[in-house]
Amino acid sequence: MSSERPAEVIYLDHAATTPVDPEVVRAMQQVLSPAGTFANPASTHSAGRRSHARVERARRQVAELLHTEPDCLVFTSGATESNNLAILGAARNRAHRGRHLITMRTEHKAVLDTFAALERDGFTVTRLSPDENGLLATATLEAAFRDDTQLVSVMHVNNETGVIQDIAAIGAACQRHNILFHCDAAQSAGKLPLDLARLPIDLLSLTAHKFHGPQGTGALYLADRTGCNIAPLMHGGGQERRLRPGTLPIHQIAGFGAAAELALAHQTEDLARLRMLNDRLWQGICSLPGVLRNGAAELAFPGILNVSAADVDGESLLLALEPVCAASGSACNSLSGEPSYVLRALGRDDRLAQSAVRFSFGRTTTIQDIDRAIDKYRFSINKLRSIGPAVERLAG
Amino acid sequence: MSSERPAEVIYLDHAATTPVDPEVVRAMQQVLSPAGTFANPASTHSAGRRSHARVERARRQVAELLHTEPDCLVFTSGATESNNLAILGAARNRAHRGRHLITMRTEHKAVLDTFAALERDGFTVTRLSPDENGLLATATLEAAFRDDTQLVSVMHVNNETGVIQDIAAIGAACQRHNILFHCDAAQSAGKLPLDLARLPIDLLSLTAHKFHGPQGTGALYLADRTGCNIAPLMHGGGQERRLRPGTLPIHQIAGFGAAAELALAHQTEDLARLRMLNDRLWQGICSLPGVLRNGAAELAFPGILNVSAADVDGESLLLALEPVCAASGSACNSLSGEPSYVLRALGRDDRLAQSAVRFSFGRTTTIQDIDRAIDKYRFSINKLRSIGPAVERLAG
Amino acid sequence: MSTVPDAYSPRVLGHFAQPVHAGDLQARYPVEARGEATEAGGGCQILLTAGTEGNAFREVRHRVLGCPHLIAAAEELCCRAEGQPVDAPALFDRSELMAVLDVPVEKSGRILLLEDAWQALCRALKRSAGRATEATDDQR
Amino acid sequence: MSTVPDAYSPRVLGHFAQPVHAGDLQARYPVEARGEATEAGGGCQILLTAGTEGNAFREVRHRVLGCPHLIAAAEELCCRAEGQPVDAPALFDRSELMAVLDVPVEKSGRILLLEDAWQALCRALKRSAGRATEATDDQR
Ligand SMILES: Cc1ncc(COP(=O)(O)O)c(C=O)c1O
Ligand SMILES: Cc1ncc(COP(=O)(O)O)c(C=O)c1O
């Protein structure tokens, strides 16, 4: 509604994707330089062997982030592919063990749509609802177990609200019942501590671009346990344990590795900073009437603040917020325009869900960004309400 | 066998992968810079819309290279994925039209293994042999057609020998019989003219890293004709016409677009140069006794020169050639160590096939590189033969 | 190949930034009326008010809870109506409105909602005008 | 996670770069013999020659058509044998040879081939030694 439009955007959509860290860019540039390790890591000549070593160095960096072994990681093109590979690959490969699968209604599209595809192929899918805090109670999960349940998929951090599931408890329940557990950690890997040496997780998806790594590269972790065998999605070449063929993109993988190393090194300070930014933003806007936080602060990852506002249209609010860039619902759902199930699960009606704005922060977010967002949000809410019918009705 | 090992490699393995053109790196860096268009193109905020525009610009660049419309292109992670998407996607989506599929024995693993997977799923696959020149005769293809044939997949340029198939004739035959035609153009796109406005091709795979673009990004072309509908491999999000979900990697796609633009601009001169380099290398080594060219020069893409040598082991030859980096057979088959079917189809016995070295050239290959390769090849052949048993037998 | 909505058109952005007809009537008119429409879930709400004099729109105002396209369409409609005779034909032309503002087809439902509000306004105007005439008649 | 063969070990690279025992016997010896082995398809061929004197290997030579590991293994074998008694136990220890050169398991077949050639050489040596003894006996 304001006419000034500075060229500089204030980017508060880090849950959708993050700017690549300059150190990560440097690692990528090294590979991309004329003297870089660009050769095919599958080639046996000296250039290929150097590339191979470069890839394995990055694999170790990612493994260290997750406290696991490099051999447990398969590089993919991102979390969408990792989710598909894990879910389709496990379900199809283990169909003899049963055709019942369990997931949650609050998962990301890359999980929900994949389960829908399996349903069309004759699998039975139970979609559990979270409690009023967005959480899956272990008892709810265990009540859903059947003799033919072979796979459970529950995300770690929700991409809309930041709500954190208790994956240790969920994984333990699955393990007790000898059911494979997949976790979509796209929103947590590189941000929250993830110790796969201890967590009872069989399959875990992650993607570099959510923690200042490059877009288009990710990994699937496969626990080194019997029963974790999955079928590949694609065929050809023997790369990545035959689970993911194709020439490995070395600069991408090098960037992923560098991002993982940075994330691990900065994890504690990054988290503390995100908490501070989150608190500051919420304190700055919570005094507006009719503004609600979606997802309790103490249950959610602090990199995300999701807020609803009564009597405001979400799409108009996002436009009014410019040049502050934030998201409405999930970046991946914004194509469909469907109201978010995730917020309705938290008890928001369609109107409140529709007004929700997701602010999300990263390593480069400054206090100035937050203060600008506070001003813009307050101004926009007031402005939109002032031209809306609710005011008139109150007045009339 | 020589002890001097200069740090500088002479990279003659461009059919495996190519160094990224510095102009392409610049396009990628622009996206990766802090002020770059890194936002999710699916986001509706201004940063997202700029990313969206950036992606669409690259899509136009790739479309121009292929003389087609941007709407016909789906971005993927490379030709392996494009081949899998095309072949699995078409076969599965059109199973009602028939379960008979045709391909060639000389295809790339990403095609052969994909057909093998379909065979396990109950499809019938006919694998045609080429003639003694490595070519598929249209009559051979048409003789293989059955009432239930639904899909034909034939590559454009062979990755081991450079032999060029007559895809216009093959496509026309398929079209006459109302059979879908997929072409793996990983080795030709960006190098040979490809006019999809005229060619009767339904589906075509390409990958950026074979023509000085980044690894890990490619595309599948889908003709804008009824019947070209395919099923996706992965699910989630609505990106890429619902055929390829996942956050689009903008720097990768920007690099792909830049590489396509460069390839189109330099096509004629690049081809002439490759022809010159190929001739020079062959002239420099053909006088060695027992050295044979695999694939007739006039039938092959000049970026590849594949040579066999009697009484020499291929693996030892490659090591002796260092720091000249060349490939034995296909980069993708070098993992399996199987003797190449492609060369046997050209009439080479296993021993000659085993000795084959593939030299392949790119835009950065210099005459000095070629001359160095000539010296190294001649020296290595002589040296290996001098320590082998054949000499002794001749002498004794 | 992409399903992302295009950027808002400059005209939508302009109306959204300065919706000069947003709000309530600034003066009193011989004939005044209002028309409302609300989407089923309550996500979109439109209130139109108009004042006429001598069978012409003198002032038309909107209050919209809705997306930028809907706000812009209401603004565009108010701009156009002011000064026109109340019975001018095709004051509301849905497809023309969508074309001039580049409204994506997915949003036709919202423009239909605006049409509902407009028609409610016109009906209310007619009723008010009738009453106004009666009042004038009474005064004679 | 990767199936790419590791870089050749420094020892393999060293032997491959300077296979000093490649070729033929440089002198004549009281007892000389050769042993050969060839892979089914003819892809690998090994020829070993040896000269012994006083029941010890004086010179052992190889001619190999094969991969770098095979060339290096033959070279290593020749190095080790020279100076040893012809009947020294375990002159050929396949697993030790593979370990010291870091030969990947896929290539055990090639090392078996080398063992075949070695055993053929040893048998031939025994035969030649027998003949040589007879000849000496005759001379007495
Ligand atoms: C929870 C979750 N899962 C999966 C994805 C998909 O990740 P990618 O874009 O790497 O495919 C995302 C982000 O888009 C996400 O937030
Ligand atoms: C003919 C052919 N098809 C497919 C591929 C696979 O391409 P990508 O590495 O992009 O998956 C290659 C190269 O590896 C190839 O040469």
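Numbers restart at 1 for each chain; the letters A, B, ... are given by sequence-line order, proteins then strands. Worth saying up front: this structure is predicted, and the values here are computed from it rather than measured.
B:L248 places none of its side-chain heavy atoms less than 4.5 Å from the side chain of A:Q215. Contact annotation: the side chain of B:Y11 never approaches that of B:D369 to less than 4.5 Å [non-hydrogen atoms, C-beta and beyond].
Proximity to chain B is absent for every atom of A:P22, based on heavy atoms less than 4.5 angstrom apart. For a residue to count as touching a neighbouring chain, one of its non-hydrogen atoms must lie under 4.5 Å from one of that chain's; by this rule B:I250 touches chain A with backbone and side chain alike. Heavy-atom distances place the backbone of B:A326, and not its side chain, under 4.5 Å from chain A. Neither the backbone nor the side chain of B:F115 comes within less than 4.5 Å of any heavy atom of chain A. Proximity to chain A is limited to the side chain of B:N84, based on heavy atoms less than 4.5 angstrom apart. For a residue to count as touching a neighbouring chain, one of its non-hydrogen atoms must lie under 4.5 Å from one of that chain's; by this rule B:P34 does not touch chain A. Heavy atoms closer than 4.5 Å to chain A are found in the backbone of B:T18, but not in its side chain. At a 4.5 Å heavy-atom cutoff, the contact between B:L32 and chain A is made by backbone and side-chain atoms alike. B:H209 touches chain A through its side chain: at least one heavy atom from C-beta onward sits under 4.5 Å away, while N, CA, C and O do not. In this structure, chain B has heavy atoms under 4.5 Å from both the backbone and the side chain of A:L233. With a threshold of 4.5 angstrom between heavy atoms, B:P232 does not approach chain A through any atom at all.
Salt bridge status for A:E81 with A:R244: present, with a side-chain N to carboxylate O gap under 4.0 Å.
In this structure, OG in A:S380 is found 10.0 Å from CD in A:E322, a value given to the nearest 0.5 Å.
Results of the side-chain hydrogen bond (donor to acceptor under 3.5 Å, both in side chains) test with A:S205 over A:N83, A:T80, A:T76 single out A:N83 as the only residue that passes.
For residues 19-29 of chain B, the pairs satisfying side chain to side chain donor-acceptor pair (under 3.5 Å) are B:D21-B:R363, with sequence neighbours left out.
Contacts with chain B were tallied for A:G36, A:P245, A:G78, A:G216; A:P245 has the most, counting heavy-atom pairs under 4.5 Å. Put simply, of B:S33, B:G246, B:C325, the one with the most heavy-atom pairs under 4.5 Å next to chain A is B:C325. The choice from B:H235, B:M234, B:M28 that makes the most heavy-atom pairs within less than 4.5 Å of chain A is B:H235. Heavy-atom pairs under 4.5 Å with chain B were tallied for A:L318, A:V324, A:D113; the largest tally goes to A:D113.
Classified by interplanar angle (parallel below 30°, tilted 30° to 60°, perpendicular above 60°), the ring pair B:H251/A:H251 is perpendicular. Using bins of under 30°, 30° to 60° and over 60° for the plane-to-plane angle, the ring pair A:F256/A:F211 lands in the tilted bin.
Using a 3.5 Å distance cut-off with no hydrogens or angles, the side chains of A:S360 and A:H14 do not pair a donor with an acceptor. Side-chain N/O atoms of A:D184 and A:H108 include no donor and acceptor closer than 3.5 Å.
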